Student: 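Before I ask anything, here is the structure I am working with.
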Amino acid sequence: MKYLDSVIILAISFATAAICEVISWVLIYRTPSYKSLRSSIDRASRKLEVMKGASAGIPAVSSTKSSKVKKMDRLENSLKESSRDLSFAKFKSGGVVAIVLVIVFGLLNSLFEGKVVAKLPFSPIPFIQRMSHRGLLGDDPTDCAMVFLYFLCSVSIRSNLQKILGFAPPRNTAGPGLFSMPETKSR
């Protein structure tokens with residue numbers, strides 16, 4: 001019974017991730033617009049990979065090279081637009097999922113407030129220690145609070161659950177994020 005609190009937090013984290021994925025499925029993944037966006041992203045990324053693979057090994061004449069570059073640029077722009085549209089489609093369930101996560105977090109925080117739920121096998125660096133020891137009394141740096149354990153569990157479980165269920169974002173949509181670096185073109 002020493003690790004009962006940790007197991008409870010792990011189970012609640014898994015249940016929360018499952019509930020969030022069901023909400024996302026109802027609001028996003030089963031809609032025709034999501035399915036068409038997903039297929040267009042997959043199709044465009046496959047075409048782009050084929051074009052990049054074909055242009056890498058073949059020395060081309062400058063006119064055909066420029067037309068291939070233009071086609072690749074159009075495909076990349078189409079892929080970026082579809083990825084942006086996919087992100088906006090996912091945004092609508094984000095609010096509902098956030099509300100569920102806040103409610104569960106508040107419930108867990110009230111249940112395990114000031115309670116050591118796990119022991120870390122190491123002494124974390126000070127920045128991590130502030131998160132892992134948040135709200136706990138005492139000076140043992142290996143004590144772990146519910147906040148840290150729940151965060152680690154929910155991040156890892158939800159991303160793996162999305163991969164298992166096939167809801168993970170398409171491979172080529174995981175770009176650099178909101179602030180992308182400008183591309184430099186060599187001519």
Side-chain angles (χ1 to χ4, degrees), residues 1-31 34-35 37-38 41-42 45 80 82-182:
M1 293 301 149
K2 184 178 180 180
Y3 300 107
L4 184 62
D5 291 339
S6 299
V7 173
I8 289 171
I9 291 171
L10 180 67
I12 291 173
S13 180
F14 186 79
T16 304
I19 289 169
C20 290
E21 288 310 306
V22 167
I23 291 170
S24 295
W25 181 78
V26 167
L27 296 177
I28 300 171
Y29 301 134
R30 69 183 180 114
T31 62
Y34 173 81
K35 290 177 182 177
L37 279 172
R38 180 81 186 235
I41 288 173
D42 289 341
S45 62
K80 286 178 186 176
S82 295
S83 298
R84 187 188 68 231
D85 293 343
L86 187 67
S87 296
F88 284 132
K90 285 185 172 187
F91 187 71
K92 67 181 174 183
S93 79
V96 178
V97 168
I99 290 170
V100 169
L101 291 175
V102 166
I103 290 170
V104 170
F105 184 78
L107 175 69
L108 285 175
N109 204 20
S110 67
L111 289 174
F112 296 104
E113 185 176 358
K115 194 173 183 183
V116 175
V117 296
K119 280 287 205 186
L120 298 175
F122 57 90
S123 181
I125 60 173
F127 174 71
I128 303 294
Q129 187 176 347
R130 283 193 294 271
M131 289 188 294
S132 68
H133 205 266
R134 182 176 168 249
L136 297 179
L137 300 174
D139 295 330
D140 187 3
T142 61
D143 287 346
C144 181
M146 178 281 307
V147 175
F148 189 65
L149 184 62
Y150 180 72
F151 171 74
L152 290 177
C153 290
S154 63
V155 167
S156 61
I157 289 172
R158 184 145 190 238
S159 63
N160 286 317
L161 189 62
Q162 285 177 340
K163 287 178 187 174
I164 290 169
L165 296 174
F167 298 149
R171 211 170 32 125
N172 291 344
T173 61
L178 292 175
F179 306 105
S180 60
M181 294 294 293

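In this text, all values refer to a predicted model and were calculated from it rather than measured experimentally.
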Student: Flag the pair Leu120 / Ser132 as yes when at least one side-chain heavy-atom distance between them is below 4.5 Å, and no otherwise.
Tutor: yes
Student: Is any side-chain heavy atom of Tyr29 less than 4.5 Å from a side-chain heavy atom of Arg38?
Tutor: no
Student: Does a side-chain heavy-atom distance below 4.5 Å link Leu101 with Tyr150?
Tutor: yes
Student: Any idea which heavy atoms bring Ser6 and Ala118 closest together, and the distance?
Tutor: OG-CB, 3.6 Å
Student: Between the side chain of Ser13 and the main-chain N/O of Ser154, is any donor-acceptor distance below 3.5 Å?
Tutor: yes
Student: Nearest 0.5 Å, please: how far is CD in Gln129 from CG in Asp143?
Tutor: 9.5 Å
Student: Is the shortest heavy-atom distance from the side chain of Val117 to the side chain of Phe148 under 4.5 Å?
Tutor: no
Student: So Ile157 and Leu10, do their side chains get closer than 4.5 Å, heavy atoms only?
Tutor: yes
Student: Please report the interatomic distance SG(Cys144) to NZ(Lys115), rounded to the nearest 0.5 Å.
Tutor: 13.5 Å
Student: Take atom CZ of Phe122 as the centre, draw a 6.0 Å sphere, and report whether it contains more than 12 heavy atoms from other residues, nucleotides or ligands.
Tutor: yes
Student: Quick one, Met146 and Ile12 - any side-chain contact, counting heavy atoms below 4.5 Å?
Tutor: no
Student: Specify the closest pair of heavy atoms between Leu136 and Gly114, including all atoms of both residues, with the distance to one decimal.
Tutor: CD2-C, 3.7 Å
Student: Identify the two heavy atoms, one from Arg158 and one from Ser24, that lie closest to each other, and give their separation to 0.1 Å.
Tutor: NH2-OG, 3.7 Å
Student: Keeping Arg84 on the side-chain end and Lys80 on the backbone end, is there a donor-acceptor pair under 3.5 Å?
Tutor: no
Student: Okay, side chain of His133, backbone of Asp140: is any donor-acceptor separation there less than 3.5 Å?
Tutor: yes
Student: For a 4.5 angstrom cut-off between non-hydrogen side-chain atoms, does Tyr34 reach Lys90?
Tutor: yes
Student: Counting heavy atoms not belonging to Phe14, are there more than 12 under 6.0 Å from its CZ?
Tutor: no
Student: I need the minimum non-hydrogen distance between Val97 and Cys20, along with the two atoms involved.
Tutor: CG1-SG, 3.5 Å
Student: Spell out, as yes or no, whether a donor-acceptor pair under 3.5 Å connects the side chain of Asn160 to the backbone of Ser156.
Tutor: yes
Student: CG/Leu149 to CG/Leu108 distance, rounded to the nearest 0.5 angstrom?
Tutor: 10.0 Å
Student: Please find the pair of heavy atoms, one from Asp5 and one from Val116, that lie closest to each other, and give the distance.
Tutor: OD2-O, 4.3 Å
Student: Please step through side-chain contact (heavy atoms from CB on, under 4.5 Å) for the pair Ile8 and Phe112, ending with a clear verdict.
Tutor: CA-CA 11 Å; Ile8 289 171; Phe112 296 104; 4.1 Å; yes
Student: Work out which heavy atom in Ile28 is nearest to a heavy atom in Thr31; give both atom names and the distance.
Tutor: O-OG1, 2.6 Å
